[in-house]
S.K.: 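Attaching a single structure in structure tokens format; questions to follow.
Order of appearance sets the numbers: ligands from 1, and atoms from 1 within every ligand.
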Amino acid sequence: MFQNRRTVFLFVCSLVFVQALYYIATLQIKRNEPTIVNPTSLLILTSIYNKSSDNHLSSVQQNQVYSSNDNSTQTNHTVDISFITTAHNFTFANSPLNITVNQTIATTISTTAIYNTTAHPITIPIPFLNASSFSSFNYFKSPPDIYNSLPICNFSISNNDTSIYKVTINQTINSYNVIEENHGKDLYSGGHFIPTGCQTEQRLALIICYRNREQHLKLFLANIHPFLQKQKLDYTIFIVNQHGNDPFNRAALFNVGYIEAMKLYSFDCFIFHDVDLLPEDLRNVYKCGGQPRHMSVAVDKFNYKLLYSTLFGGVTAFNLTDFIGANGYPTVYWGWGGEDDDMYLRVVKKLKKSITRYPIEIARYKMIRTHDHTSSKANPNRHSILYSKYDYSRDGINTTHYNLHNIVFYKLFTLINVTLPEEPFEKIRTRLNMKRKA
Ligand code: BGC
């Protein structure tokens, strides 16, 4: 009996001991588990970088949302959004998200917002302050039977009184709100316009390379929209914005614009444009022809003279076939200079075509001067690459590498935010099989 009681006692003790061990062990495991705020929640950590009243483009520095967990039923996402200047309303997954930043200047995490979603990874468009943005790109056209019965859109340039074609350039820098009010009424999201009452023969993607030149951009938008609308064109404006600290790569940004635009719509005409150039004559029609066209022939800065006969910088127009045939722009020119001369050689040597130009009295441009811009440093390697006679199939559209952060459809334009990883010159030399100087 005693023996039995002792056995029962020992048995109970060991049960309690095992239970206690189990309890301690599970407590430990629980402690190591990540805290899940909500099974399907997105935790947004916002860091404030700088504060400026109208510095819109710097507010879209890093805005990809990264998932910390691959299991979509148990998602605890975090995102680090730098360069936010003040309160923002985000819209994604068609739901509004409000982030209010209380501190005006801070360098660390200042705001936490919880947003319910199951989708990931998610890209949050961070709107420009006071600029309208949309969650999608709508390429509305009337039903084909109605559209195809319309007359072809025609902008006549044959009036003998040529003064009617002269463009008065508006040099007032307004807020995006005001530009939208003045020129956005007939636009579809993403800066897309379709003339009414007629059908267009081409779909133009106007691609602008960009970095931190907001005053230029505002003047550009305020002037180019009315210009293109008067010419009755089906057009969309793409701003390809290079983030990060790598040197500016104008030509690679053009390729990015081309690649991303083609994912959205079947464009057949591409005009590659500097943001500081504004056309001064309406007869300079933004259409593509059977040859690549150099548009910015006569620029006020150069006394309306063509600097040299093979100049192909500023503004160029390519039909789809020609741009593909040239393998697009080169990607190996980091910093100022050379990429446009390279493109000229591609047209002549790879495409085996010549460039064309409108007459010098028509292809006139004003170069906008503002105080917020300093030019990029000249690329010391540009001549070596340009004169190396490399094979253009080795570099171009097919080798355009970029990190796409997001695409935001604003009222006045489509913004493509990218970083471009700089390729060191030694690698470029090897990849292009460039000959070393003897
Ligand atoms: C550069 C071009 C530039 C031209 C006019 C040339 O030396 O290589 O990129 O467009 O000068 O400034």
S.K.: Looking at Tyr358, does the NZ or CZ of Arg293 lie under 6.0 angstrom from its six-membered ring centre and within 45 degrees of the ring axis?
M.R.: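 Yes, a cation-pi geometry.
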S.K.: Suppose I only count heavy atoms of Asp341 and a 4.0 Å limit; which atoms of ligand 1 are within that range?
M.R.: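 Taking each heavy atom of Asp341 in turn, ligand 1 has 1 (C), 2 (C), 6 (C), 8 (O), 9 (O) under 4.0 Å.
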S.K.: Which residue and non-hydrogen atom of the protein lie closest to atom 4 (C) of ligand 1, and at what distance in Å?
M.R.: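 Sorting protein heavy atoms by distance from atom 4 (C) of ligand 1 puts Tyr308 OH, 3.3 Å first.
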S.K.: Taking the six-membered ring of Tyr265, is NZ or CZ of Arg203 closer than 6.0 Å to its centre and within 45° of its axis?
M.R.: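 The answer is yes, since Arg203 meets both limits relative to Tyr265.
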S.K.: When only distance counts, is Leu307 in polar contact with ligand 1, meaning an N/O pair under 3.5 Å?
M.R.: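 Checking ligand 1 against Leu307, no N or O pair falls under 3.5 Å apart.
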S.K.: Does NZ or CZ of Lys218 lie under 6.0 Å from the centre of the six-membered ring of Tyr176, at an angle within 45° of the ring axis?
M.R.: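 Yes, Lys218 and Tyr176 form such a contact.
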S.K.: How far apart are the C-alpha atoms of Glu423 and Arg431, what are their side-chain angles, what is the distance that settles it, and do they pass the salt bridge (charged side-chain N to carboxylate O under 4.0 Å, His left out) test?
M.R.: CA-CA 10 Å; Glu423 187 179 20; Arg431 184 165 66 79; 2.8 Å; yes
S.K.: Going by the order shown, which atoms of ligand 1 are within less than 4.0 Å of some heavy atom of Asp340?
M.R.: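 The list of qualifying atoms is 2 (C), 3 (C), 9 (O), 10 (O).
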S.K.: Checking a contact table here: which protein heavy atom is nearest atom 12 (O) of ligand 1, and how many Å away?
M.R.: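 Ranked first by proximity to atom 12 (O) of ligand 1 is Trp336 CZ2, 3.7 Å.
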S.K.: Tell me, please: is Gly337 in heavy-atom contact with ligand 1, that is, under 4.0 Å?
M.R.: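 Contact check Gly337 vs ligand 1: positive.
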S.K.: Can you find a side-chain donor-acceptor pair between Tyr165 and Glu280 that sits under 3.5 Å?
M.R.: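 No, no side-chain donor-acceptor contact under 3.5 Å.
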